[in-house]
Every structure is written in structure tokens, then in C-alpha cells.
Amino acid sequence: MTMAMEAQSRRGTNDGATGSPIEAGSDAASASRSRTTTGARRPRTVVVNLAVLVALGIPCAGCHTPLFRAQSPDAEPVAESEPSGTPLVGDLTFPSGMHYVLVEGVGLVTGLDNTGSDPPPSPERDALKTEMQTHDAMRPDAILASKRTALVVVRGYLPPGVRKGDKIDIEVASPARFETTSLHGGWLMQARLREVAMIDNQVRRGDVDALGGGDVLVNSVFREGASDEPSGLLKGRVLGGGVSTTTRKLGLMIREDSASVRASTMIAAVINERFHHFENGDKLGVAKPVNAKFIELSISPRYRNNVARYVRVVRSISLAESPVDRAARLHQLESKLLEPTTSATAALQLEAIGKDAIETLRKGVRSRDVEVRFYAAEALAYLDDSEAAGPLAEIIAAERAFRWHGLTALATMDHVSAYDGLTGLLSHPSAEARYGAFRAMQARNPRDPLVRGEILADSFAFHILPGTGEPLVHFARTRRPEVVLFGNDLTMAPPPFLLAGRRIMVKKQDARQVKVIRFEAGEEDRVVICPSRLDAVIRAIVELGGRYEEVYEAVRGAKAGNYWPGRLAVNANASSGRVYDRNSSESPPDDGADGYRVTNPVPELFQDRLDGTPDRADPDAPDDRVSADASEAPESTSFLGTIRGWFSPGGTSE
């Protein structure tokens, strides 16, 4: 066999012709497989590469004579594919662990203003009593009977690649058939969350996957005019209140017809050649072959906020390629990169190649076409090349369809040019661009003095970012309670009367000052006099015991009464399904418009699973609910889904 391969190499066989690319909409790792190679190859390199392909069971150009077919009892079956295609990791694998895992439980909300209820006899009450007893709670029935407490159903989602200790948002809901009237102002005691399913008509609960607790932010707070709606008062969130107690496995399943220990080991080796780090002088890779069918992946730090892209890039790595083949493929990928319809898949393959592809990607950055520029710059950003920052910042500012992916890419870069690009966006007219840049800067370096901010009264994060744009106040509804003030002019006109919740009032003191008053029945009023600057008023409200929702109500009231001329935004985050219209100079104004759908899913940095976004990190990926040992789990239904009718009087969830 070796002699035959060497002989073929000396003949300088042409490996094939250009193939057709696979359009976006399928998994990006199933990218264009075509390449053209000409000229003689070095025999030693070819022997190694062909040996690898034969061992993995992949056909290659020039390997179709009987001499290269299986000749031993243990040889792997050979799958048919285009002879001219460069074999990629994605040809033999599909992702595992890319779905969001729903975790659920029951919990107790305390500190209510006599709006709770004694839950009726039910499996939920029994489950909560059992939980309370494990916490050594005395007289659980008496606690449950109090109007200051309420039983709630708690749920959250563990994202792909979640690590032990990572925080998640959790949702709480009081069943509508209970007599609780509001969860406003409540505190969720620590609840244990598990993966729960209905299997064979029986409720099955797994181990504790997360713990959750903290301030409950009811949904009606951010819905103007909805404060009296029962559904808005009986359902809410604890932002960042969940903590994962497990690390989820992320990896690649090897297709059945190619699975073997040898294939698993070789695939892991080529992945580790591309993604690795050094620890105490040892070179450590990200891929670990667990068995013949599964390769476990640890997430490269640069992709922590975009796991779906990471898996796509990994699956775009070549399984075997000589330097001559690599040069030829780079030339062909350059042509594909410069064509808008194939630029996305070409950029992924170039990113998978790594540093050798930087010069090719730089040519794409200089293109006049916005799609080509974006996909080339995005790939360069994950390679931490300085030429990515400027084009990304420009496209983020101009095209909303590419905004979330561009911001996430800038957040991965260490180069100072990325910092300059993000700070420039803090004055952008768009609230989502400004807040997105802020969040990207936090992800890039949370200790940066510009975005570090402070925690007020252990209740919420508070940030003031100077800038030249229109004054803007942003309130978060994901990750953590957070108020961000953008702009230099934060002065409000002293209002004659403004409520911040039910017990705090803001009144005019004089032309430049306001009086913030807290009143309690039977107690003397507490008063703080402060300048009529928005930041000073917020601090005064917190000093008098106000929380996140009271601050929001005060700012909303100031905006509604025209006492503050700036803008107010809530959760200016990504929405899925955005499109870019190739026939227009700018993106369509709504997500339902016709156009070209951006290939990447919403990155984890801007994902909000509780708002009903897809339960897989990559909506284009095949269903990957496969365990590490490739055993198929029985079909199951979420336990929360079986009680969905509890969440509103009409019998449907909100």
C-alpha cells in the first residue's frame, strides 16, 4: 500500500475539481467541501494523510482502486462522498449537548405584603414540604399558611457547555388555581431544580442540577399599565438567581458507520492541533476521546459566549491535509469568501484553519460587500486579528441583522482595537447597540473601570457611562438586575409629585433639588434631599430602602411626565430570526420581513431562553439529544408542561 501511494504521488495525480457549496440554513459546519489540487505532492506527507483517511474510513481522491479498499477484517466501512471534497470533522460527526436543559422545582416566596396564600393539598404542596424538611424548617404547615408566603413553581434553562457555578435566570410562577394575588416584593428561598420529565406516565426527577433564590421581579413591573393584571403579578423572574451545580458535557458523536476507537482518537487529535493551550508547560487540547462514539469537548475561552459557533468551527476542521493541499484550498476558499452567497461557510472553514488563513480573511475585510466584510471580520475577530475591529464596529453601527454576532466577536478580542470599537458604540443612536456594546465590554473585561460599576444596597448593579449620545437609561431583564445610565446630561426637572413604588415619593424641593420621602403607616417619614440629577435620585431611593422595581417606576414616571427628556429602554437585547436584505442599503425594520437570514444563531451573550427562544443553541442543527454513550432516551414531556394550565385563570400560560 505504501509503495502504491508513493508511486501515485510521483505521478502528480490531480485530486479533483471544484464542488458546489452548501447554502446557509443547514449547519454551518456542513460547509463547502470542494477543493482543487494540482502538481506533485511530497510522498511522505501523502502517505501520512492517506493513511489517516483510510483509517477513518473516508474516501479520498485517488483511493478508489481495490488496492485502497478494506483488506482486513477490522477495516472500517468506507462511506461514499465526493472524491474531490476535503474531508472535515463534520463529515463524520454531529454535535451533542447543544440543547438547553429545562430544570424545574417548587419553591417558597417569602416577604409578601399579605398577598400570599395557603396552598391547597396537592403534589406540589407535598413536594415543597419535603424540601422544607430537608432544610430543617420548623412547622412547615404554619409557614405555608401565612399570607406572607406563597408556593411557586420554579424553572430555568441550563445552556450548552454550562459549568458548575455558572449563573442563570430563573422564572417563578404561582399556579392560578391557588389564592395568591401577587408575588411583588417577594424573595424566593433557595429552591432545588432538577430535570423533570413524564416517562411512561410517571414523573421522573433527576439529580439536583441547579439551586435558585433571590429577589422576585414580577413581570408587570416592566409592562406599563399592566400592574393590575393577575398574570403579570403571579409570574416573575429572579435575574441571575440560579446557580448550576453541574457541568454539562459538550461534544461530538461519531456517525454510526464510522465509529471506532481509532477514528475517535484521530478526530480528537486533529481538533487538538487547532485548539489547545499550555498549562504548566504541558500542551493540553480541548478534545478528549471518551469512547468509540463520543468525543468530549471543553470550550475554548474565546468562544465561551458563542458555543454554537465554536462547535461549527470545530466541525469545519480538516481531517487530513498536506501543506500543498492547504495552499490550494486557501486559494479556493478565497474565491468563495468574496462571493456573498458562500462567504459565511468559507469564513468558518478559514477560521477553522487558524493563523494560516488570516491573510485570506483580510482580503475579505477589504471587500465592498457588507456580507463579505462582516463574515471575514467576524472570523478574524475570533483569531484576535486587529484588522477585524474597525469593520465590525462599522457594520454593527449600520446593520442590526449582524449586530449581536459582531458585538460577541468584538468581546472575544484581546487587542486594544476592539476596545476602541466598543467604546465608540456607547454613543450610538440605537439603545440596543449601546447596551450591547456595554455588555460586550463587560464580557471582554469585567474589571474595566468604565463598565465595572457598583452594587447598590446588595440589590442591583449601577453604572454611569459618559458619552456624547442622547441620554439613555437601560434596565436589564436578563442575567442580573442592572441599571445603566448613558450620557452626560442626566438632569431631570424637579417633579411636583412622583411615586416610586407604594411607599416612596419624589417631590420638588426647589429649582435644582428634589425631596425623596419614604412614608410608613404609624412611623415618621424619612426624607433625603438631593440634586435633581437622575443618578442622585436613584441613590436616594435606594438609601430609603427602594429596590430595583422602585427605581424603575420612578424613572418611568419621570419619563412619562416629561420631567426627564432622555430615553428609557428595557432589555434592549437580541431577537431571533433577524434578516439582512441584500437588495436594500439597510436591514428591514421588522424581523418578519423578507431577506437573507443571518447564518449564525443568537449568541449566548444575548440569549434569553425564558422569553421562548429555541431550545437549541443552533436552530439549524439536527436534534442532538444524544447521551455520551449514544443510548437513546425515551420520549418525555416536561413536568412543567403537564401543569401549564395552572399559570393563568383561562387555563393557558401567559
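The figures that follow rest on heavy atoms only: side chains count, while hydrogens, waters and symmetry mates do not.
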Problem - Main-chain N/O of R368 paired to R373 side chain as donor or acceptor, under 3.5 Å - result: yes

Handout entry: Partners meeting side-chain contact (heavy atoms from CB on, under 4.5 Å) with R480 (sequence neighbours left out)
Key = Q442, I455, A461, H463, E482

Handout entry: With R248 via side-chain contact (heavy atoms from CB on, under 4.5 Å) - residues at least two apart
Key = H99, V101, L158, P160, V162

Problem - Set of residues satisfying salt bridge (charged side-chain N to carboxylate O under 4.0 Å, His left out) with respect to D385, sequence neighbours excluded - result: R362

Problem - Beyond-backbone contact of F275 with V314, side-chain heavy atoms, under 4.5 angstrom - result: yes

Problem - Within-4.5 Å side-chain heavy-atom neighbours: Y382 and V313 - result: no

Problem - K293 and E256 ion-paired at < 4.0 Å - result: yes

Practice task
State whether K288 and E296 are salt-bridged, where the test is any N-O pair (Lys NZ or Arg NE/NH1/NH2 against Asp/Glu carboxylate O) under 4.0 Å.
Solution key: no

How many angstroms lie between [atom1] in [X] and [atom2] in [Y], if you round to the nearest 0.5 Å?
| X | Y | atom1 | atom2 | answer |
| --- | --- | --- | --- | --- |
| I254 | S264 | CD1 | OG | 4.0 Å |
| L252 | I295 | CG | CD1 | 5.5 Å |
| L380 | E359 | CG | CD | 9.5 Å |

Problem - Step-by-step salt bridge (charged side-chain N to carboxylate O under 4.0 Å, His left out) determination, R479 to D169 - result: CA-CA 6 Å; R479 295 186 175 245; D169 294 336; over 6 Å; no

Problem - Residue pair S343 / L337: nearest heavy atoms and the distance that separates them - result: CB-O, 3.1 Å

Exercise for the section: Look at the rings of Y375 and F402 and say which category their plane angle falls in: under 30° parallel, 30 to 60° tilted, over 60° perpendicular. Expected result: perpendicular

